[in-house]
Amino acid sequence: MKFSPEKYRIEDRSQEVFIDEGEIWEILSQVNPDKYQVRDVIAKSLSKQRLSLYDTAVLLKSTDPELVAEIKEGARQLKEQVYGKRIVLFAPLYVGNYCVNNCRYCGFRAGNSNQQRTTLTMEDLIRQVEALEDAGHKRLILVYGEHPRYNADFIYETVRVVYGVKKGSGEIRRVNINAAPLDIDDFRRVKEAGIGTYQIFQETYHRQSYAYFHPSGPKKYYDWRLTALDRAQEAGIDDVGIGALFGLYDWRFEVMALVRHVNHLEAVFNVGPHTISFPRLQNASGIERTKLMPVSDNDFVRLVAILRLAVPYTGLILTAREPAHIRDELLTFGVSQIDGGTNIELGGYTRQKEEQDLDQEQFEINDNRPLNEIIDELIRRDLIPSFCTSCYRLGRTGEHFMEFSVPGFIKRFCQPNAILTLAEYLEDYAPADVKDKGYQLIDRELNQIENVQLKTNLLKKLELIKEGKRDLYF
Ligand code: SAM
Ligand code: SF4
């Protein structure tokens with residue numbers, strides 16, 4: 001059946017009424033945890049079980065500094081156990097900023113006449129991708145405003161063009177997208193392009209706030225957006241990303257709702273989202289974030305640690321909206337993916353500009369370090385920068401990916417693949433000092449691998465990379 005935002009009513013598909021505000025608030029108000037409960041919940045998460053809404057509320061309601069410290073320590077341990085030391089790197093690429101919606105927090109809102117509107121031509125797109133490849137990127141997320149011109153065929157074409165750009169040893173091996181909700185047929189079309197993750201944020205799961213922030217355009221239909229990923233799954237896209245924009249409504253509510261969304265997808269499709277994003281509201285053209293509902297740095301760090309514990313196997317993405325010091329801190333408490341060398345101006349990757357012009361961009365970013373600096377910093381902290389795309393290439397996504405997300409998988413596949421993609425980066429793009437430090441890190445990692453066969457295979461592949469072979473993975 002074909003749905004559209006205007007015609008879509010949640011009553012049509014009752015199983016999808018999965019955000020019950022009354023239930024979320026009731027649980028939050030009932031819970032008054034003591035330290036033993038908090039410790040039990042942390043222990044449950046460390047045994048790699050996903051937390052219930054009630055468990056999540058126990059963590060959210062713990063304000064005692066000692067318990068907050070224990071929650072953060074739990075998140076740190078879990079991250080190390082499940083994800084190891086690797087941090088996946090990507091870059092956003094804005095394709096067009098025309099938009100028919102009027103989201104009150106976004107520089108692209110239709111009513112913002114100061115915003116200069118552009119859609120990259122396919123030639124422009126190629127130039128941007130070449131610049132990103134020259135920096136060493138292998139994974140991109142394409143971002144679009146919501147506009148009839150950014151329909152499924154356009155998205156399909158842009159994704160295919162990006163995959164086709166090869167410069168030197170450069171290539172983009174995974175193209176994720178962040179785009180407006182589609183109907184099932186259009187999701188099928190987008191899937192045919194070979195996308196990695198389809199990502200969409202509910203912004204706020206609180207209906208009344210949602211209505212306030214989205215006064216006009218198709219985005220005003222809360223249910224249509226909430227159920228986008230159900231339609232994506234029905235269209236066969238089993239790799240999806242969810243998110244909430246923190247700063248629109250109470251952050252505790254949004255964390256509960258994100259966990260509920262995960263439960264829903266797991267219950268109905270047997271696979272949860274691949275990633276969760278938690279953008280925090282930033283200044284934008286004509287918008288001061290402090291006038292909305294700012295989330296403090298302390299609360300932000302807490303909420304990320306709680307999300308880490310609540311959904312042990314879901315990747316957590318933190319973008320350059322956040323300043324370097326928050327990004328660096330949060331790498332410890334659970335973030336598994338970050339962007340690097342980010343520029344969100346349309347066509348910005350081929351311009352040299354120090355200052356952002358918010359009339360050409362969606363919002364302010366606070367970490368504009370180039371990719372090589374970010375990689376240098378990760379290496380300095382003994383973290384392994386990864387450009388790995390192997391699971392997606394080998395079909396280990398969705399339900400299959402969940403099977404692989406078991407203890408040991410990361411050690412056998414993700415960590416070695418991170419090392420291989422780091423070696424490629426070091427050979428092709430790293431400044432000399434970063435190359436030295438990078439290979440020292442690889443040597444330290446190799447020394448810690450106990451599985452002899454794995455180590456031998458990895459060493460062989462590393463030699464091949466030094467000889468010029470590329471795109472090797474387990
Ligand atoms: N037009 C698509 C949509 O709305 O789904 C693409 C979204 S937009 C280009 C990517 C995300 O940026 C939005 O979903 C929103 O969460 C976030 N965003 C918008 N304005 C923001 C702001 N002022 N600060 C931080 N994030 C913002
Ligand atoms: Fe348009 Fe998306 Fe910005 Fe809303 S958040 S105004 S839909 S680009």
Side-chain angles (χ1 to χ4, degrees), residues 5 92-115 117-120 140-151 154-155 158 176-182 190 197-205 209-210 212-222 224-229 232 240-249 251 254 258 275-295 300 317-323 326 339 342 344-346 356 358-367:
L93 173 51
Y94 278 69
V95 180
N97 65 352
Y98 281 86
C99 195
V100 290
N101 292 317
N102 245 320
C103 311
R104 290 186 197 264
Y105 44 81
C106 176
F108 294 169
R109 67 195 178 283
N112 182 16
S113 53
N114 289 331
Q115 184 73 207
R117 309 281 166 177
T118 323
T119 303
L120 300 185
L140 299 185
I141 180 153
L142 302 188
V143 187
Y144 312 76
E146 179 159 359
H147 194 277
R149 60 177 87 188
Y150 309 142
N151 58 22
F154 178 80
I155 294 174
T158 48
N176 299 334
I177 62 166
N178 180 314
L182 302 171
V190 165
T197 306
Y198 169 73
Q199 183 189 69
I200 185 169
F201 308 153
Q202 185 61 22
E203 319 297 11
T204 171
Y205 286 89
S209 306
Y210 188 93
Y212 170 77
F213 283 109
H214 307 101
S216 61
K219 194 162 167 180
K220 74 179 182 187
Y221 298 101
Y222 176 103
W224 176 251
R225 194 166 179 93
L226 186 67
T227 53
L229 296 178
V240 298
I242 64 172
L245 178 54
F246 283 88
L248 303 184
Y249 187 60
W251 62 268
E254 306 291 13
L258 284 166
T275 56
I276 298 185
S277 301
F278 28 88
R280 192 161 53 147
L281 199 69
Q282 304 300 325
N283 295 331
S285 165
I287 290 149
E288 263 181 67
R289 65 174 175 167
T290 47
K291 301 242 163 78
L292 296 167
M293 198 184 272
V295 178
F300 191 60
I317 301 181
L318 184 67
T319 68
R321 290 175 181 85
E322 297 299 331
I326 298 269
D339 50 346
T342 296
I344 60 171
E345 188 185 322
L346 275 290
Q356 272 191 279
L358 290 183
D359 290 335
Q360 294 186 47
E361 298 175 56
Q362 196 186 15
F363 46 75
E364 198 169 88
I365 58 167
N366 292 294
D367 183 356

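Atoms within each ligand, like the ligands themselves, are counted from 1 in listed order. Each residue takes its place number in the sequence, starting with 1.
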Checklist line | Candidates Glu146, His147, Lys220 - the one meeting side chain to side chain donor-acceptor pair (under 3.5 Å) with Asn101 | finding: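 It is Glu146; the other options fail the test.
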Next item on the list: With heavy atoms only and a cut-off of under 4.0 Å, state how Phe363 meets ligand 1: side chain, backbone, both or neither.
Entry: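 It is the side chain that touches ligand 1; the backbone stays farther off.
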Next item on the list: Going by heavy-atom distance to atom 6 (S) of ligand 2, choose the closest among Gly145, Cys103, Gly107.
Entry: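 Nearest option to atom 6 (S) of ligand 2, by heavy atoms: Cys103.
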Check: Nearest to atom 18 (N) of ligand 1 by heavy atom, His147, Gln282, Glu364, Gln362: which?
Finding: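 It is Gln362 that holds the nearest heavy atom.
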Next item on the list: Decide whether an N or O pair under 3.5 Å exists between Tyr105 and ligand 1.
Entry: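 Between Tyr105 and ligand 1 (N or O atoms, distance only) the closest approach is under 3.5 Å.
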Using a strict 4.0 Å cut-off to heavy atoms of [X], name the atoms of ligand 1 that fall inside it.
{"X": "Arg280", "value": "25 (C)"}
{"X": "Leu281", "value": "24 (N), 25 (C)"}
{"X": "Val143", "value": "9 (C)"}

Item checked: Test: Arg149 cationic atom under 6.0 Å from Phe154 six-membered ring centre, within 45° of axis ->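 Judged by the rule (NZ or CZ under 6.0 Å from the ring centre, within 45° of its axis), Arg149 is not positioned above Phe154.
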Notebook entry, point to check: Is Arg225 near ligand 1, meaning one of its heavy atoms is under 4.0 Å from it?
Noted result: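 Per 4.0 Å heavy-atom rule, Arg225 contacts ligand 1.
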Next item on the list: Assess His214 for proximity to ligand 2: is some non-hydrogen atom of it under 4.0 Å away?
Entry: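 Outside the 4.0 Å threshold, so no.
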Item checked: Protein contact to atom 3 (Fe) of ligand 2 [nearest heavy atom, distance to 0.1 Å] ->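 Answer for atom 3 (Fe) of ligand 2: Cys106 SG, 2.3 Å.
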Next item on the list: Starting from atom 15 (C) of ligand 1, find the nearest protein heavy-atom neighbour and note its residue, name and distance.
Entry: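 Checking every protein heavy atom, the shortest distance to atom 15 (C) of ligand 1 gives Glu203 OE1, 3.3 Å.
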Next item on the list: Look at Cys99 and state whether any of its N, O or S atoms is less than 2.8 Å from atom 1 (Fe) of ligand 2.
Entry: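 So Cys99 counts as coordinating atom 1 (Fe) of ligand 2, yes.
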Check: Do Cys103 and His214 come within less than 4.5 Å of each other through their side chains, counting heavy atoms only?
Finding: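 Counting from C-beta outward, Cys103 and His214 do come under 4.5 Å.
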